[in-house]
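Throughout, protein chains are lettered first and strands after them, A, B, ... in sequence-line order, and every chain is numbered starting at 1. Remember, it's a predicted structure, so these values are computed and weren't measured experimentally.
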Amino acid sequence: SELRLLVDMLHENGMVSEEQYGRLLAELEQNQQQSAKEKQEIAEKLELATQPPEVEVTTKGGLRVRTTDGEFETRLRGRLMIDAADYMGKPEMGDGTNIRRARLAWTGRMYKDWGFQLDYDFADGGKLRDSFVSYLGFEDTRLRMGLMEIPFQLQYRSSSSNSQLIERSLLGAFGGDRYIGVMADTKKQHWTAAAGLFGETATRQNPIVDEGWGVGARFTVAPINNEKDRLLHFGIASMYRNVEDVGVIEFSDEPEARVAGNNIVDTGDIDNTKSFTRYGLEWAMIRGRLSAQSEYVLTTVDRNNAENLQFSGWHFQTGFFLTDDSLNYERGDFGSPSPNKRLGDGGIGAWELTLRYSSLDLNDKLIDGGEIQNITYGVNWYPVPMLRFSANYIDVLNVTGGDNHGKEQRIFLVRSQWAF
Amino acid sequence: SELRLLVDMLHENGMVSEEQYGRLLAELEQNQQQSAKEKQEIAEKLELATQPPEVEVTTKGGLRVRTTDGEFETRLRGRLMIDAADYMGKPEMGDGTNIRRARLAWTGRMYKDWGFQLDYDFADGGKLRDSFVSYLGFEDTRLRMGLMEIPFQLQYRSSSSNSQLIERSLLGAFGGDRYIGVMADTKKQHWTAAAGLFGETATRQNPIVDEGWGVGARFTVAPINNEKDRLLHFGIASMYRNVEDVGVIEFSDEPEARVAGNNIVDTGDIDNTKSFTRYGLEWAMIRGRLSAQSEYVLTTVDRNNAENLQFSGWHFQTGFFLTDDSLNYERGDFGSPSPNKRLGDGGIGAWELTLRYSSLDLNDKLIDGGEIQNITYGVNWYPVPMLRFSANYIDVLNVTGGDNHGKEQRIFLVRSQWAF
Amino acid sequence: SELRLLVDMLHENGMVSEEQYGRLLAELEQNQQQSAKEKQEIAEKLELATQPPEVEVTTKGGLRVRTTDGEFETRLRGRLMIDAADYMGKPEMGDGTNIRRARLAWTGRMYKDWGFQLDYDFADGGKLRDSFVSYLGFEDTRLRMGLMEIPFQLQYRSSSSNSQLIERSLLGAFGGDRYIGVMADTKKQHWTAAAGLFGETATRQNPIVDEGWGVGARFTVAPINNEKDRLLHFGIASMYRNVEDVGVIEFSDEPEARVAGNNIVDTGDIDNTKSFTRYGLEWAMIRGRLSAQSEYVLTTVDRNNAENLQFSGWHFQTGFFLTDDSLNYERGDFGSPSPNKRLGDGGIGAWELTLRYSSLDLNDKLIDGGEIQNITYGVNWYPVPMLRFSANYIDVLNVTGGDNHGKEQRIFLVRSQWAF
């Protein structure tokens with residue numbers, strides 16, 4: 001130190017005596033030790049005070065708590081959809097309001113490699129949704145056991161919160177089933193694959209008759225998926241379901257609004273049914289603000305002592321953002337659009353115009369379920385992420401056959417939604 | 001520094017040579033820089049270590065997580081009410097126990113200006129409660145869209161957890177409705193206003209018939225509301241509800257206890273109903289330990305090809321704290337009493353004696369629903385905030401008309417409750 | 001300081017003038033004060049930065065938030081059980097899958113001495129589980145008021161997550177009841193006691209007829225319970241239940257699998273019932289990897305104008321861990337096994353073989369409910385704590401009397417479970 005240098009110089013120059021020099025050196029030594037000790041203490045306390053916490057808590061609508069070592073995580077997620085509909089024309093359906101979904105999901109990770117989920121929809125009396133245990137120890141691949149949606153149809157693989165129009169298309173007659181089973185899925189940037197074996201639904205069924213079972217698989221490729229706003233996606237899927245012991249199956253759908261709770265086409269009970277098989281084709285693209293997607297589904301019914309049946313449907317839908325936003329493709333499905341400029345932060349949120357043509361044919365041989373075409377016009381407003389307001393006008397172009405033959409319904413449907 | 005001063009002096013006095021002086025100054029300079037650097041490092045680490053966390057987690061029964069920038073907040077709130085009742089006299093009703101409410105509410109804030117809520121009551125099969133999206137960007141004013149209680153009756157505007165007697169009064173026949181709609185409310189220290197437009201309840205109704213709709217508004221003033229324990233409150237409210245397509249309405253009530261689940265007065269279905277309108281007057285005061293409140297409601301029913309009807313009721317209730325506590329008025333409703341001296345902290349909690357007289361007349365023209373008066377005596381104990389034990393004795397003074405004409409029931413009702 | 005020493009020496013040696021000495025001392029003094037102040041500031045900031053947080057958040061599957069002063073705590077706990085069963089032989093029962101339990105429990109502590117809990121099972125339509133307010137101000141003793149399981153049978157006192165075989169034994173015909181009531185329990189290392197007074201279930205019952213009521217108590221001793229893997233446990237319990245006003249009781253059970261939802265023995269409605277009383281004996285032991293337990297229950301039914309009845313049953317079950325693990329006894333019940341060596345952490349988790357013999361007799365006098373014996377073989381795998389996969393093979397040895405007389409069912413049952 002500079003003091004030591006001075007003391008040495010003064011000693012050298014004979015300004016301090018030997019005895020004084022000795023005392024000065026001893027004092028210097030002692031004080032240096034003391035000072036080093038103090039510095040050390042401060043450094044230790046600082047290290048303690050600045051180390052990252054063991055647990056990280058974040059909230060952005062939902063709640064996420066995770067250990068910083070990545071071993072454990074727990075998240076609360078929710079979703080509320082509030083609908084109102086005005087049904088015009090025939091068939092008569094009741095105007096009104098409805099809580100379409102009110103969901104609370106608890107999901108997380110245990111000991112790094114294991115996942116859990118419990119998801120419940122409180123709307124209309126309450127129903128369990130995807131609830132399972134999963135193994136996450138493989139890269140990009142997940143094994144799940146529990147209650148899950150089958151891997152079928154792009155519009156069902158994307159969350160209901162992210163549906164481009166308020167409700168999914170008439171192909172809902174052939175999708176959205178949830179069963180208890182086991183499933184493996186792999187999600188890569190340019191392809192995804194999923195396959196599973198499924199038993200029955202989450203509730204106790206008929207106590208005497210064996211429940212149905214089935215298998216299903218879906219494969220998608222995305223040759224273009226390099227940038228956020230450029231996508232080309234193709235997919236194929238198939239599922240088989242054995243319902244031999246139950247013996248009955250029914251296909252039906254509401255007219256792309258679910259407030260009244262009335263079907264517009266409906267096969268009624270198809271008896272003597274052994275099994276049914278569905279085949280699905282899907283295509284989607286994003287180019288900047290523009291997106292489009294289309295799906296086709298063929299369902300065949302295999303029966304005992306009765307004619308086999310075939311039903312089919314398809315839809316084409318497109319959307320265009322008025323603001324500088326685009327759809328958010330994840331691996332094999334669509335995520336939630338996140339406005340580039342939030343309302344209240346210099347922007348007006350994201351605005352999207354949407355359009356869909358749907359066609360569904362539930363007529364075959366002696367089954368007169370009805371054939372329907374409709375076109376739906378829509379607008380979506382996302383003022384901030386996680387919040388959405390939508391309006392749809394559904395124009396039923398034609399119903400051929402079935403109870404509602406020749407009727408042309410029009411529906412005005414609005415939804416307010418938060419989801420995270 | 002003092003060392004520099006000494007070195008300069010010694011140099012000045014000729015005690016150190018020019019060369020030594022130069023070396024000393026260089027060493028001094030270097031060490032000063034080193035020392036300043038160390039101090040700077042410590043200061044930076046301290047700044048890092050002492051800065052407030054980005055997320056603040058608090059628990060007081062419930063759970064609250066909020067970002068310290070005020071952008072996001074998420075809260076879990078709950079409520080459990082455990083009832084037991086002994087019904088004496090006529091009509092016969094079943095003694096027993098009941099979980100009256102078991103509620104979990106998830107509420108919060110997103111991007112500062114938007115709010116969300118999902119509230120569910122798990123009791124008796126499960127029902128959705130106030131669940132909505134809200135806009136909070138205006139000062140003291142809130143816009144909501146979703147499932148909400150109509151703005152009618154002081155006793156329903158105050159949470160069931162804070163009801164002075166265990167159950168609300170017989171005016172329950174004319175209140176407590178929840179519908180899906182939009183509502184704006186403003187809450188100031190000396191007045192509140194709320195108005196909304198409402199559709200139907202949260203579940204799907206009759207799929208053919210249009211659901212009902214209505215409007216409602218409430219206005220309150222509190223000319224005295226300066227100190228915690230001085231209040232004078234007046235309010236008026238009205239609501240109109242169109243039920244033309246459903247065509248039927250019914251008014252009924254249980255005898256201020258809801259364990260047996262039996263009505264004591266009941267109009268039965270009133271058919272040919274086009275609409276009904278309710279008018280409400282309310283008054284309340286607090287002066288230290290004493291509080292009182294009274295409400296009057298008139299309901300008119302407008303019918304097709306049938307006589308219009310009028311029903312009405314009123315109640316007066318008062319409470320007096322034996323301990324040094326008082327009711328907690330918020331803006332336009334009553335909050336939860338918080339004992340000044342907690343049990344286990346030098347106090348005995350808060351003790352309150354309560355009394356209510358209620359009268360309800362459901363007789364008019366050909367409708368013979370019954371007219372009833374009852375008086376209810378009660379005691380409330382709040383050992384600590386968020387916890388409440390109550391006992392009520394309900395004495396039905398008189399039933400005139402209806403199925404229970406001339407019967408005089410008495411009920412002993414107790415409740416244990418936590419709510420936060 | 002060493003500098004002061006040097007200055008004093010130089011002054012003493014006449015190297016600096018009096019005036020210079022004075023200036024040096026003043027400068028020294030000032031700088032020392034400055035330095036002490038800086039140190040003080042750093043120390044204060046360090047104290048602030050290193051003090052423990054007011055709230056501690058932990059996640060390990062579930063979520064726990066508690067104030068470090070011990071005043072408040074809130075926890076989220078969950079449980080999901082996914083079952084699949086194949087029923088062979090007679091009687092015919094439907095093979096299938098089921099979500100057996102999907103539970104979310106919210107539990108915590110308020111103002112140190114008070115506890116709260118809300119527990120809900122979302123499976124099969126939803127049911128409230130143990131939900132209460134509790135007083136925790138006594139050491140090792142707890143008072144509770146609310147919805148609770150009666151203190152009867154070791155297999156029901158242990159959580160369903162920790163049941164050694166997938167389902168509890170046939171003694172389920174005589175246990176697992178939940179009522180609203182008040183209960184006190186004390187848990188010591190070598191004994192436990194519990195006693196309560198109970199009303200009815202959590203939902204509204206018959207609105208006219210008084211609900212039943214009852215009392216129950218259980219006492220256990222564990223003369224050996226010093227080390228983790230050595231236990232000897234004995235217990236007795238009794239409960240009385242008055243159902244005079246309802247007048248009807250029924251005892252029944254499924255065959256140790258609950259996927260189909262069908263009873264294999266069933267007394268049907270026993271009318272003219274005044275009350276019933278149950279007596280239970282229990283025994284359990286752990287010695288390292290081996291465990292065994294046995295229970296006997298006698299139920300007597302007291303009737304009006306009809307013969308009194310007696311039913312009884314017992315089971316013996318044993319388990320042996322293939323890995324170096326053992327059952328986890330808590331005070332009076334069994335907790336969840338925690339594998340010594342986790343999968344993915346150098347181990348294969350915990351593996352246990354299990355076996356149970358159960359016998360239940362629901363035949364007495366004119367009541368022909370059926371007598372049944374079955375033996376169940378099982379294997380449990382706990383790869384990590386909180387996760388469990390089990391398989392059971394249930395072999396119904398004999399049914400004597402009742403609707404299923406002479407039938408010998410076999411069931412293969414698997415379960416996947418997470419619970420925390």
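For the set C/M386, C/Q51, C/E47, the entry with the most heavy-atom pairs within less than 4.5 Å of chain A is C/M386. Counting heavy-atom pairs closer than 4.5 Å to chain A, the top residue among C/P53, C/A43, C/G96 is C/G96. Of the listed residues (A/E41, A/E38, A/K127), the one with the most heavy-atom contacts under 4.5 Å to chain C is A/E38. Comparing A/L25, A/V7, A/L28 by heavy-atom pairs within less than 4.5 Å of chain C, the highest count is held by A/L28. Counting heavy-atom pairs closer than 4.5 Å to chain A, the top-ranked of the candidates C/R103, C/R77, C/M81 is C/R77. The most heavy-atom pairs under 4.5 Å with chain C, out of A/D113, A/L3, A/V57, A/T50, come from A/L3. Taking chain C as the reference chain and counting heavy-atom pairs below 4.5 Å, the highest number among A/M145, A/K112, A/Q30 is found for A/M145.
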Candidate pair A/L104 and C/L104, rule side chain to side chain contact (heavy atoms under 4.5 Å, CB included), full reasoning: CA-CA 11 Å; A/L104 173 65; C/L104 171 65; 4.2 Å; yes

Verdict with supporting geometry, A/M110 and C/V384, side chain to side chain contact (heavy atoms under 4.5 Å, CB included): CA-CA 9 Å; A/M110 302 180 293; C/V384 295; 5.5 Å; no

Evaluation steps, side chain to side chain contact (heavy atoms under 4.5 Å, CB included), between A/L76 and C/L63: CA-CA 10 Å; A/L76 291 178; C/L63 177 67; 5.6 Å; no

Derivation of the side chain to side chain contact (heavy atoms under 4.5 Å, CB included) call for C/I82 and A/I180: CA-CA 8 Å; C/I82 307 144; A/I180 293 174; 3.5 Å; yes

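Annotation: A/R178, atom CZ; neighbour count of heavy atoms from other residues, nucleotides and ligands within 6.0 Å is above 12. More than 12 heavy atoms of other shown residues, nucleotides or ligands fall within 6.0 angstrom of atom NZ in C/K407. Atom CG of C/D403 has 12 or fewer neighbouring heavy atoms from other residues, nucleotides or ligands inside a 6.0 Å radius. Within 6.0 Å of CZ in C/R23 there are more than 12 heavy atoms belonging to other residues, nucleotides or ligands. No more than 12 heavy atoms of other residues, nucleotides or ligands lie within 6.0 Å of CD in A/E139, so this atom counts as exposed by the packing criterion.
Residue contact with chain A, scored on non-hydrogen atoms closer than 4.5 Å, is absent for C/Q417. When heavy atoms are compared at a cutoff of 4.5 Å, C/P91 does not approach chain A at all. Heavy atoms of A/V65 lying under 4.5 Å from chain C belong to its backbone as well as its side chain. Only the side chain of C/R342 comes within less than 4.5 Å of a heavy atom of chain A; its backbone N, CA, C and O stay farther away. For C/Y120, no part lies near chain A; criterion is any non-hydrogen pair under 4.5 Å. Only the side chain of A/F122 comes within contact range of chain C, with at least one heavy atom under 4.5 Å from a heavy atom of that chain.
In this structure, NZ on C/K45 lies 11.0 Å from CG on A/L46, to the nearest 0.5 angstrom. Distance CG/A/L10 to CG/C/L10: 5.5 Å, rounded to 0.5 Å. C/D345 contributes atom CG, which lies 8.0 Å from atom CD of A/E71 (distance to the nearest 0.5 angstrom). How far CG of A/D119 is from CG of C/L80: 11.0 Å, rounded to the nearest 0.5 Å. Note that CE of C/M9 is 5.0 Å distant from CD of A/Q20, once rounded to the nearest 0.5 Å. One distance of note links CZ of C/R79 with CG of A/L118; it measures 12.0 Å at 0.5 Å rounding.
For the residue pair A/V133 and C/S416, the shortest heavy atom distance occurs at CG1-CB, 4.1 Å. Here the closest non-hydrogen pair linking A/E27 and C/L5 is CB-CD2, 3.8 Å.
Note: A/W114 and C/W381 have perpendicular aromatic rings, judged against thresholds of 30 and 60 degrees for the angle between ring planes.
A side-chain donor-acceptor contact under 3.5 Å links C/W418 to the backbone of A/F132.
Ring centroid separation for the pair C/F420 and A/W106 comes in under the 6.0 Å cut-off.
Residues in residues 46-81 of chain A take part in these ring pair (Phe, Tyr, Trp, His ring centres under 6.0 Å) pairs, two or more places apart or across chains: A/F72-A/Y111.
Looking at residues two or more places apart in sequence or on another chain, you find a side-chain hydrogen bond (donor to acceptor under 3.5 Å, both in side chains) between A/E56 and A/R66.
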